[in-house]
Engineer: 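The structure's right below; bear with me while I get my questions together.
Quantities reported herein were computed from a predicted structural model and do not represent experimental measurements.
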Amino acid sequence: MKKVLLGLASLGILVLGYKVLDSFLFDGVQAQQINEQGFQANYFTQDAFSNRAAVVLVGGGQWGDYWASEFAKQGYAGLSLPYVGREGLPKLPEEIELEYFEKALNWLKNQEAVDADKIIIMGASRNAELSLILASTFPELVGGVIAFAPSSVSWSNTVLPYNSDELKASWTYKGNPIPFIAMEKLQAGESEMLNTLGYWSEGLKDSLAVAQASIPIEKVKGPVLLLSGKDDKVWPAAMMADMLEVRSKAYSFAYPFENIQYENTGHMISSNPDQKEGPRQGSMNIQGNSYPFEFGGSNEGDYQAKQDIRKRIMQFLQQL
């Protein structure tokens, strides 16, 4: 009996210690898994939230969960929203129906924690392309955009080597394709290193295709924050950000528009701002062989940019 009492006492001390420790460590953020009304997501809030600005992290995953949690810690709601690669979702990012995101946005605007007039879309690279398309397609649901390494146009499914060989739209709405630049699949050249920057830059030389596939940034009803690295070696993000800015001016865009570009900075500027080092290369599988490609920038350049970006994003949200 004595041993039992000692055991119970020890357990009680451990439980009490855990609760005390938890009271110091718990940051108040609640993460809720959503799998209803036709979409899947992780929703991050705090208990006391009411009528707050919200950020939708297009693409979800670890990246989306990280940023959604960070936003919740700062007083905003965050929705980490995947759309491919999970059970019940498409396997490939091609002919993705924008109705999927429309359902998620309608769900989010009806949450008590959320101010329906302050829902921001955020994405990086191809997901920045998608974020800008969503903001221009659903201006009544989206109140602004944060786009890392953005695109100024919609691209065909064939820009990704793992997609199907048949030329398709990457995105559709109401059964119709979002106009895109049709690209042949990336091929490996004589060099072992893939020239992805040259590949996408070549696609932008077709002025007629660009005109047809340009994202109508003028339809966005809210502020826009574009973030890109001048040494992006994946695709011409800074150039495409400039194209978006030119179009916004041509259409007398009525909301704040920031086109921030960083020297000595590459494609990977949307990752954890506190991560001082990261991979400098990626790889693509082309016809059964793996080929490397460069992200651009440097560890120091990317880190400094990411530190500044975090401040700018929080300022952007504070001004809504």
Engineer: Nearest heavy-atom pair of Val234 and Asp232: which atoms, and what distance?
Structural biologist: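 Of all heavy-atom pairs spanning Val234 and Asp232, the closest is N-OD1, 2.8 Å.
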
Engineer: Considering non-hydrogen atoms only, spot the tightest contact between Ile121 and Leu105 and give its length.
Structural biologist: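 Scanning both residues, the minimum pair turns out to be CD1-CD2, 4.0 Å.
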
Engineer: Is the backbone of Ala149 close enough, under 3.5 Å, to the side chain of Trp235 for a donor and an acceptor to pair up by distance?
Structural biologist: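 Yes; judged by distance alone, with no hydrogens or angles, the pair exists.
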
Engineer: Which of these passes side-chain hydrogen bond (donor to acceptor under 3.5 Å, both in side chains) with Lys185: Thr158, Asp165, Asn157?
Structural biologist: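 Only one option passes, and that is Asp165.
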
Engineer: Kindly say whether Gly301 contributes a backbone atom to a donor-acceptor pair with the side chain of Ser298 at under 3.5 angstrom?
Structural biologist: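 Yes, the answer is positive, given that a donor and an acceptor are paired below the 3.5 Å cut-off.
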
Engineer: Given Phe293, which partner from the list Asn195, Leu197, Thr196 fulfils the side-chain contact (heavy atoms from CB on, under 4.5 Å) test?
Structural biologist: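 The single option meeting the side-chain contact (heavy atoms from CB on, under 4.5 Å) with Phe293 is Thr196.
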
Engineer: Using the rule that Ile, Leu, Val, Met, Phe, Trp and Tyr join whenever any side-chain heavy atoms are under 4.5 Å apart, tell me whether Phe44 and Tyr66 fall into a single cluster.
Structural biologist: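 No; tracing contacts between hydrophobic side chains, which count when under 4.5 Å, never links both residues.
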
Engineer: Does the side chain of Asn259 come within less than 4.5 Å of Leu244's, by heavy atoms?
Structural biologist: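 Side chain of Leu244 against side chain of Asn259, heavy atoms only: no contact under 4.5 Å found.
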
Engineer: Can you check whether Pro292 reaches Glu192 side chain to side chain, under 4.5 Å on heavy atoms?
Structural biologist: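 Side-chain contact under 4.5 Å: yes.
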
Engineer: Ignoring hydrogens and geometry, is there a side-chain-to-backbone donor-acceptor pair from Asn299 to Gly278 under 3.5 Å?
Structural biologist: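 Yes.
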
Engineer: To the nearest 0.5 Å, what is the distance between OH (Tyr262) and CD (Gln304)?
Structural biologist: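 Between Tyr262 OH and Gln304 CD, I get 11.0 Å after rounding to 0.5 Å.
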
Engineer: Within a radius of less than 6.0 Å around CD of Glu36, do more than 12 heavy atoms belonging to other residues, nucleotides or ligands occur?
Structural biologist: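 Correct, the count exceeds 12.
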
Engineer: Using a 3.5 Å distance criterion without hydrogens, assess whether the side chain of Gln40 forms a donor-acceptor pair with backbone atoms of Glu87.
Structural biologist: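 Checked: pair present.
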
Engineer: Find the distance between CZ (Phe316) and CG (Leu225) and round it off to the nearest 0.5 Å.
Structural biologist: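 Here the interatomic distance stands at 5.5 Å.
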
Engineer: Looking at Asp302 and Arg280, is there a salt bridge between them, counting it only when a charged N and a carboxylate O are closer than 4.0 Å?
Structural biologist: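 Result for this pair is yes, salt bridge flagged.
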
Engineer: If I take atom CD1 from residue Ile217 and atom OG from residue Ser136, how far apart are they, to the nearest 0.5 angstrom?
Structural biologist: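 The OG atom of Ser136 is 7.0 Å from CD1 of Ile217, to the nearest 0.5 Å.
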
Engineer: Can you find a pair of side-chain heavy atoms, one from Pro93 and one from Tyr162, that are under 4.5 Å apart?
Structural biologist: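 Side chain of Pro93 against side chain of Tyr162, heavy atoms only: contact under 4.5 Å found.
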
Engineer: Would you say the side-chain atoms of Ser156 pair up with the backbone N or O of Met183, donor to acceptor, closer than 3.5 Å?
Structural biologist: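 Yes: the side chain of Ser156 pairs with the backbone of Met183.
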
Engineer: List for me each residue that meets salt bridge (Lys or Arg N to Asp or Glu O under 4.0 Å) alongside Glu300, sequence neighbours excluded, and say none if there are none.
Structural biologist: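 With sequence neighbours excluded, Glu300 shows a salt bridge (Lys or Arg N to Asp or Glu O under 4.0 Å) to no residue whatsoever.
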
Engineer: I'd like to know if the side chain of Ser151 and the backbone of Glu129 have a donor-acceptor N/O pair within less than 3.5 Å.
Structural biologist: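 No, because the side chain of Ser151 does not come within donor-acceptor range (under 3.5 Å) of the backbone of Glu129.
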
Engineer: Kindly confirm or rule out a cation-pi arrangement of Lys103 over Phe39, judged by NZ or CZ under 6.0 Å from the six-membered ring centre and within 45° of its axis?
Structural biologist: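 Pair Lys103/Phe39 does not count as cation-pi.
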
Engineer: Is the number of heavy atoms from other residues, nucleotides or ligands under 6.0 Å of Glu97 CD greater than 12?
Structural biologist: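 Counting other residues, nucleotides and ligands, CD of Glu97 stays at 12 neighbours or fewer.
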
Engineer: Output the distance between atom CD (Gln281) and atom CG (Leu194), rounded to the nearest 0.5 Å.
Structural biologist: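 It comes to 10.0 Å.
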
Engineer: Give a yes or no answer on whether the side chain of Ser131 reaches the backbone of Asn127 with a donor-acceptor pair at less than 3.5 Å.
Structural biologist: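 The answer is yes, because a donor-acceptor pair under 3.5 Å joins these two groups.
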
Engineer: Answer yes or no: is there a side-chain heavy-atom contact under 4.5 Å between Ile96 and Ser170?
Structural biologist: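 No, side chains not in contact.
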
Engineer: Output yes when Arg310 and Asp274 qualify as a salt bridge under the 4.0 Å nitrogen-oxygen rule, no when they do not.
Structural biologist: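 Judged by the 4.0 Å cut-off on N to carboxylate O distance, Arg310 and Asp274 do form a salt bridge.
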
Engineer: Could you go through Val58 and Met122, starting from their C-alpha distance and side-chain angles, then the distance that decides it, and tell me whether this counts as side-chain contact (heavy atoms from CB on, under 4.5 Å)?
Structural biologist: CA-CA 6 Å; Val58 176; Met122 177 168 141; over 6 Å; no

Engineer: Give me the atom names and distance for the closest heavy-atom approach of Phe253 to Val220.
Structural biologist: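 Answer, listing the atom of Phe253 first, then Val220: CE1-O, 3.2 Å.
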
Engineer: Please give me the minimum heavy-atom distance between Val210 and Gly203, naming the atom from each residue.
Structural biologist: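 Of all heavy-atom pairs spanning Val210 and Gly203, the closest is CG2-O, 4.3 Å.
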
Engineer: Does Glu140 form a side-chain contact (heavy atoms from CB on, under 4.5 Å) with Lys221? I'd like the steps, not just the answer.
Structural biologist: CA-CA 8 Å; Glu140 74 285 358; Lys221 290 187 177 179; over 6 Å; no

Engineer: How close do Ala41 and Pro82 get, heavy atom to heavy atom, and via which atoms?
Structural biologist: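 Shortest heavy-atom contact: CA-CD, 4.1 Å.
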
Engineer: Show, in sequence, the C-alpha distance, side-chain angles and deciding distance for Met284 and Ser290, and conclude whether the side-chain contact (heavy atoms from CB on, under 4.5 Å) test is met.
Structural biologist: CA-CA 5 Å; Met284 289 188 188; Ser290 182; over 6 Å; no

Engineer: Considering only NZ, NE, NH1 and NH2 on the basic side and carboxylate oxygens on the acidic side, decide whether Lys233 and Asp231 come within less than 4.0 Å.
Structural biologist: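 So Lys233 pairs with Asp231 through a salt bridge.
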
Engineer: Between Gln275 and Glu277 (side chain of the first, backbone of the second, donor and acceptor by atom type, cut-off under 3.5 Å), is there such a pair?
Structural biologist: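 Checking the backbone N and O of Glu277 against the side chain of Gln275, a donor-acceptor pair under 3.5 Å is found.
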
Engineer: Is the backbone N or O of Gln46 less than 3.5 Å from a side-chain atom of Gln30, with the two atoms forming a donor-acceptor pair by type?
Structural biologist: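 Judged by distance alone, no pair lies under 3.5 Å.
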
Engineer: Is there a path of hydrophobic side-chain contacts, each under 4.5 Å between heavy atoms of I/L/V/M/F/W/Y residues, joining Trp200 to Leu227?
Structural biologist: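 No; tracing contacts between hydrophobic side chains, which count when under 4.5 Å, never links both residues.
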
Engineer: So how far is it from Ile269 CD1 to Phe295 CZ, rounded to the nearest 0.5 Å?
Structural biologist: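 One gets 13.0 Å once the value is rounded to the nearest 0.5 Å.
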
Engineer: How close do Leu98 and Trp171 get, counting heavy atoms only, and between which atoms?
Structural biologist: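 Nearest heavy atoms, Leu98 then Trp171: CD2-CB, 4.0 Å.
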
Engineer: Look at atom CD of Glu99 and say whether more than 12 heavy atoms of other residues, nucleotides or ligands are closer to it than 6.0 Å.
Structural biologist: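 Yes, the 6.0 Å shell around CD holds more than 12 heavy atoms from other groups.
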
Engineer: Is any NZ, NE, NH1 or NH2 atom of the basic residue among Lys249 and Glu245 found under 4.0 Å from an Asp or Glu carboxylate oxygen of the other?
Structural biologist: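 Result for this pair is yes, salt bridge flagged.
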
Engineer: Using the ring-ring contact (aromatic ring centres under 6.0 Å, His included) definition, which of the options Tyr173, Phe101, Tyr100 pairs with Phe138?
Structural biologist: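 Exactly one pass, corresponding to Tyr173.
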
Engineer: So does Arg52 pair up with Asp115, basic N to acidic O under 4.0 Å?
Structural biologist: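 The answer is no: the pair does not qualify as a salt bridge.
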
Engineer: Among Leu130, Ile181, Leu132, Ile133, which residue meets the side-chain contact (heavy atoms from CB on, under 4.5 Å) test with Ser154?
Structural biologist: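 The side-chain contact (heavy atoms from CB on, under 4.5 Å) with Ser154 is passed solely by Ile133 among Leu130, Ile181, Leu132, Ile133.
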
Engineer: Take Phe257 and Tyr255 through the ring-ring contact (aromatic ring centres under 6.0 Å, His included) test and state the conclusion after the steps.
Structural biologist: CA-CA 6 Å; Phe257 189 103; Tyr255 300 90; over 10 Å; no

Engineer: Is it true that Val224 and Leu134 fall in one hydrophobic cluster, defined by side-chain heavy atoms closer than 4.5 Å?
Structural biologist: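 They do share one cluster, since a chain of ILVMFWY contacts under 4.5 Å joins Val224 to Leu134.
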
Engineer: Compare all side-chain heavy atoms of Asn285 with those of Pro161 and state whether any distance is below 4.5 angstrom.
Structural biologist: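 Result no, sub-4.5 Å side-chain heavy-atom pair not found.
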
Engineer: So, Ser164 versus Glu94: side-chain donor-acceptor pair below 3.5 Å or not?
Structural biologist: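 There is such a pair (donor and acceptor under 3.5 Å, judged by atom type) between the side chains of Ser164 and Glu94.
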
Engineer: Measure the CE-OG distance between Met243 and Ser152 for me, rounded to the nearest 0.5 Å.
Structural biologist: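 With rounding to 0.5 Å, CE (Met243) is 3.5 Å from OG (Ser152).
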
Engineer: For the pair Gln74 (side chain) and Glu70 (backbone), establish whether a donor and an acceptor sit closer than 3.5 Å, ignoring hydrogens and angles.
Structural biologist: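 Not a single qualifying donor-acceptor pair exists.
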
Engineer: Begin with the C-alpha distance, continue with both residues' side-chain angles, and end with the deciding distance and a verdict on side-chain contact (heavy atoms from CB on, under 4.5 Å) for Lys306 and Ser271.
Structural biologist: CA-CA 8 Å; Lys306 291 189 296 182; Ser271 59; 3.0 Å; yes

Engineer: With a sphere of 6.0 Å drawn around CD of Glu112, does it hold more than 12 non-hydrogen atoms of other residues, nucleotides or ligands?
Structural biologist: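 No, not enclosed.
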
Engineer: Is there a path of hydrophobic side-chain contacts, each under 4.5 Å between heavy atoms of I, L, V, M, F, W or Y residues, that connects Leu317 with Leu79?
Structural biologist: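 No, separate clusters.
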
Engineer: Hey, what's the ring geometry for Phe148 with Trp67, parallel, tilted or perpendicular (30° and 60° as the breaks)?
Structural biologist: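 Because their plane-to-plane angle lies in the 30° to 60° range, the rings of Phe148 and Trp67 count as tilted.
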
Engineer: Give a yes or no on whether Lys230 atom NZ has more than 12 heavy-atom contacts from other residues, nucleotides or ligands under 6.0 Å away.
Structural biologist: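 Yes, enclosed.
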
Engineer: Same cluster or not: are Leu81 and Val84 linked, directly or through other Ile, Leu, Val, Met, Phe, Trp or Tyr residues, by side-chain heavy atoms under 4.5 angstrom apart?
Structural biologist: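 Yes, Leu81 connects to Val84 through the hydrophobic network.
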
